[in-house]
Amino acid sequence: MNAAIVGIGATDFSKDSGRSELQLAAEAVRAALDDAGLEPSDVDGLVSFTMDTNAEIAVARELGIPELTFFSRVHYGGGAACATVQQAAMAVETGAAKVVVCYRAFNERSGHRFGQVQTAAAANIDNSWSYPMGLGTPAAMVAMFARRYMHEYGATSEDFGRIAVIDRKHAATNPHAWFHDRPITLDDHQASRWIAEPLRLLDCCQESDGGVALVVTSAERARDLPNKPAHVKAATQGSGVDQFTMTSYYRDDLTRLPEMGVVARGLWEKSGIGPSDVDVAVLYDHFTPFVLVQLEELGFCGRGEAKDFIKSGALELDGTLPLNPHGGQLGEAYLHGMNGIAEGVRQVRGTAVNQVADVEHVLVTAGTGVPTSGLVLGQL
């Protein structure tokens with residue numbers, strides 16, 4: 001693809017931002033433009049995704065962006081994070097826009113909390129099959145999936161907990177992370193309270209206030225800007241057979257995420273690389289069990305082998321596939337995956353707090369259990 005991420009920006013990550021979601025969006029976009037060495041007047045495209053209250057035209061007004069020739073919003077919440085970059089890259093490649101900013105900003109802790117039961121959602125045709133059975137929160141929905149995965153492959157709560165321990169270990173050395181200087185042990189994980197068995201509190205990501213923005217432009221223009229760009233080598237979306245939102249329980253195999261398999265095939269084909277070429281994996285970790293299944297769908301290990309792959313130490317910073325060096329959504333913040341893309345850019349630039357040596361290719365994934373998306377970022 002002839003596009004690159006040339007700027008990244010974020011607000012602080014908190015539990016009570018004390019400002020509006022629009023202000024958070026404006027701060028993040030302004031910071032990303034400053035990082036890119038660009039002005040609001042250079043921007044002619046904006047992309048966000050559903051569940052964001054900040055309309056593109058409102059963000060443009062706040063920042064003084066004069067005209068927009070491209071604006072878009074991708075569906076399916078966190079599954080759309082990487083798709084915002086895909087749409088920005090397509091806009092740049094087709095000439096629909098020259099500089100596109102992708103953004104996400106919300107008060108998910110102090111404002112609307114996505115993790116709580118949403119009674120209005122019960123009227124949705126998909127939810128009507130599960131809400132009456134008590135599956136009214138994302139944690140409960142994932143718990144059903146996780147229990148079946150445990151039954152099929154012998155995974156345990158401890159296997160899920162190892163993901164939480166790794167993420168919190170990396171967050172502990174990241175000054176921007178909410179859980180900076182607060183690592184956990186596997187015993188801590190096992191002692192945390194049940195949310196929806198077999199998920200414990202420390203299997204579930206945070207609720208965060210904050211904003212993140214990314215600036216996308218052409219590879220040619222990127223070479224003239226002040227910071228090292230991250231080349232968008234591949235970007236794709238995926239929806240699988242019998243796809244529902246968080247409750248795809250009607251498939252023949254309940255232990256898979258075929259939508260992530262669609263993304264994997266697209267990324268490897270478009271980028272020309274394979275799993276063995278990935279230097280850093282930034283995997284969407286809203287719930288720990290889905291990290292294990294992503295490892296399998298993406299081809300890093302065989303079906304049911306993720307638990308042993310994790311035990312081998314592969315996901316440590318000095319392992320064969322360092323996972324979420326920023327701490328992920330379990331450790332840094334839950335910004336629906338946008339902070340993971342920013343970490344991917346930092347790893348390519350060589351400026352991350354927990355920098356992995358000799359990074360050429362970074363894989364980033366977006367929300368799982370929903371139609372999803374992914375990126376491969378690399379050197380330009």
TODO: Give me the other members of the hydrophobic cluster that F179 sits in, counting Ile, Leu, Val, Met, Phe, Trp and Tyr linked by side-chain heavy atoms under 4.5 Å, directly or via other members.
DONE: W178

Identify all side-chain donor-acceptor contacts of residues 275-282 below 3.5 Å with residues at least two apart in sequence or on another chain.
| unit_1 | atom_1 | unit_2 | atom_2 | d |
| --- | --- | --- | --- | --- |
| D277 | OD2 | G274 | N | 2.9 |
| D279 | OD2 | E360 | N | 2.7 |
| D279 | OD2 | H361 | N | 2.9 |

Open item on the list: My understanding is that only residues two or more places apart in sequence, or in another chain, count here; which of them pass side-chain hydrogen bond (donor to acceptor under 3.5 Å, both in side chains) with R148?
Closed with: E152

Open item on the list: Test of understanding: with ring pair (Phe, Tyr, Trp, His ring centres under 6.0 Å), list the residues that count as partners of H170, not counting sequence neighbours.
Closed with: none

Open item on the list: Y149: which residues meet the ring pair (Phe, Tyr, Trp, His ring centres under 6.0 Å) condition with it, sequence neighbours left out?
Closed with: Y153

Open item on the list: My understanding is that only residues two or more places apart in sequence, or in another chain, count here; which of them pass side-chain hydrogen bond (donor to acceptor under 3.5 Å, both in side chains) with K307?
Closed with: none

Task: Contact list for residues 13-38, test salt bridge (charged side-chain N to carboxylate O under 4.0 Å, His left out), sequence neighbours left out - done: D12-R19, R19-E27, R30-D34, R30-E39, D35-R349

- [ ] For F244, enumerate each residue passing the ring pair (Phe, Tyr, Trp, His ring centres under 6.0 Å) test, keeping only those at least two apart in sequence or located in another chain.
- [x] Y250

Task: SB check R104 D52 (cutoff 4.0 Å) - done: yes

Please set out all donor-acceptor pairs under 3.5 angstrom arising from side-chain atoms of residues 82-91, sequence neighbours excluded.
| unit_1 | atom_1 | unit_2 | atom_2 | d |
| --- | --- | --- | --- | --- |
| T84 | OG1 | A81 | O | 2.6 |
| Q86 | NE2 | A235 | O | 3.4 |
| Q87 | OE1 | S72 | OG | 2.3 |

Task: Residue list, side-chain hydrogen bond (donor to acceptor under 3.5 Å, both in side chains) with S20, at least two apart or on another chain - done: none

- [ ] Under the ring pair (Phe, Tyr, Trp, His ring centres under 6.0 Å) rule, collect the residues that match up with Y76, sequence neighbours excluded.
- [x] none

Task: Residues in side-chain hydrogen bond (donor to acceptor under 3.5 Å, both in side chains) contact with S17, at least two apart in sequence or another chain - done: N107

